[in-house]
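A short worksheet on the structure shown next.
Start at 1 with the first residue, then count along the sequence. Both ligands and their constituent atoms are indexed starting at 1 by order of listing.
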Amino acid sequence: SVVVMSSDEGVSPTRPTHFIGQRDDVIRADRVVTSVNGRDVLVLHHQGALHALDARCYHAGGPLQNGDIEEIAGRVCIVCPWHKYKISLCDGEGVYQAVDPSVKPLKPRWCSKGVKQRVHKVTEVRGRVYITLNTSPEHLESDQYQTPKYRDTLHKN
Ligand code: FES
């Protein structure tokens with residue numbers, strides 16, 4: 001299920017963290033889409049771990065809150081529901097399967113396209129879940145879908 005929540009500022013102005021919810025509530029919801037400083041972030045629970053990343057897929061803005069989770073070559077990935085791109089939840093790398101045609105028999109192997117999706121930090125303090133936005137200055141492809149136009153689409157999905 002997907003829950004849309006609005007977030008408060010964190011506990012202290014010196015800590016740029018944003019309260020998402022009580023851990024139990026976040027786990028019960030499984031997936032939460034929230035707006036943090038104007039950015040749409042998906043917080044999701046998978047096998048005891050919480051992850052946060054930009055809510056719209058770096059490829060064409062697909063709604064990642066509706067994606068399945070798969071473990072691919074030892075990495076936990078979300079699979080975008082639109083064109084099945086796979087994104088590593090721990091670092092936002094785009095993961096794809098490649099085949100070297102010169103090696104017979106053909107053996108597909110998983111490769112990385114590099115970091116494409118902005119992944120944010122999740123912290124828990126006494127049963128409360130916070131996220132800290134990843135504000136690294138380099139442009140990541142998922143940044144382009146953090147616009148008012150895409151935000152409206154997100155909340156309609
Ligand atoms: Fe996500 Fe195309 S929009 S795979």
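Ser88 places no side-chain N or O within donor-acceptor distance of the main-chain N or O of Glu93, the cut-off being under 3.5 Å.
The atoms of ligand 1 that sit less than 4.0 Å from any heavy atom of Trp82 are 3 (S). Here is the list of ligand 1 atoms found below 4.0 Å of a heavy atom in Tyr85: 4 (S). Ligand 1 places these atoms under 4.0 Å from at least one heavy atom of Gly62: 3 (S). Interface of Ala60 with ligand 1, defined as ligand atoms under 4.0 Å from a residue heavy atom, comprises 3 (S).
Residues Arg56 and Asp40 are not paired through a salt bridge, judged by the lack of any N-O separation under 4.0 Å between the basic side chain and the carboxylate. Checked for salt-bridge contact, Arg39 and Asp143 meet the test: a charged N lies under 4.0 Å from a carboxylate O. A salt bridge links Arg75 with Asp91: the distance from a Lys NZ or Arg NE/NH1/NH2 to an Asp or Glu carboxylate oxygen falls below 4.0 Å.
Not a single N, O or S atom of His83, from either the backbone or the side chain, sits less than 2.8 Å from atom 1 (Fe) of ligand 1. Checking His59 against atom 1 (Fe) of ligand 1, every N/O/S atom stays at or beyond the 2.8 Å cut-off.
Relative to the ring axis of Tyr58, Lys113 does not place its NZ or CZ within 45° and under 6.0 Å from the centre.
Checked against Arg31 for a side-chain contact (heavy atoms from CB on, under 4.5 Å), the options Leu44, Val43, Val26 give a single hit: Leu44.
Rounding to 10°, one obtains 100° for the angle at atom 1 (Fe) of ligand 1 between SG (Cys80) and SG (Cys57).
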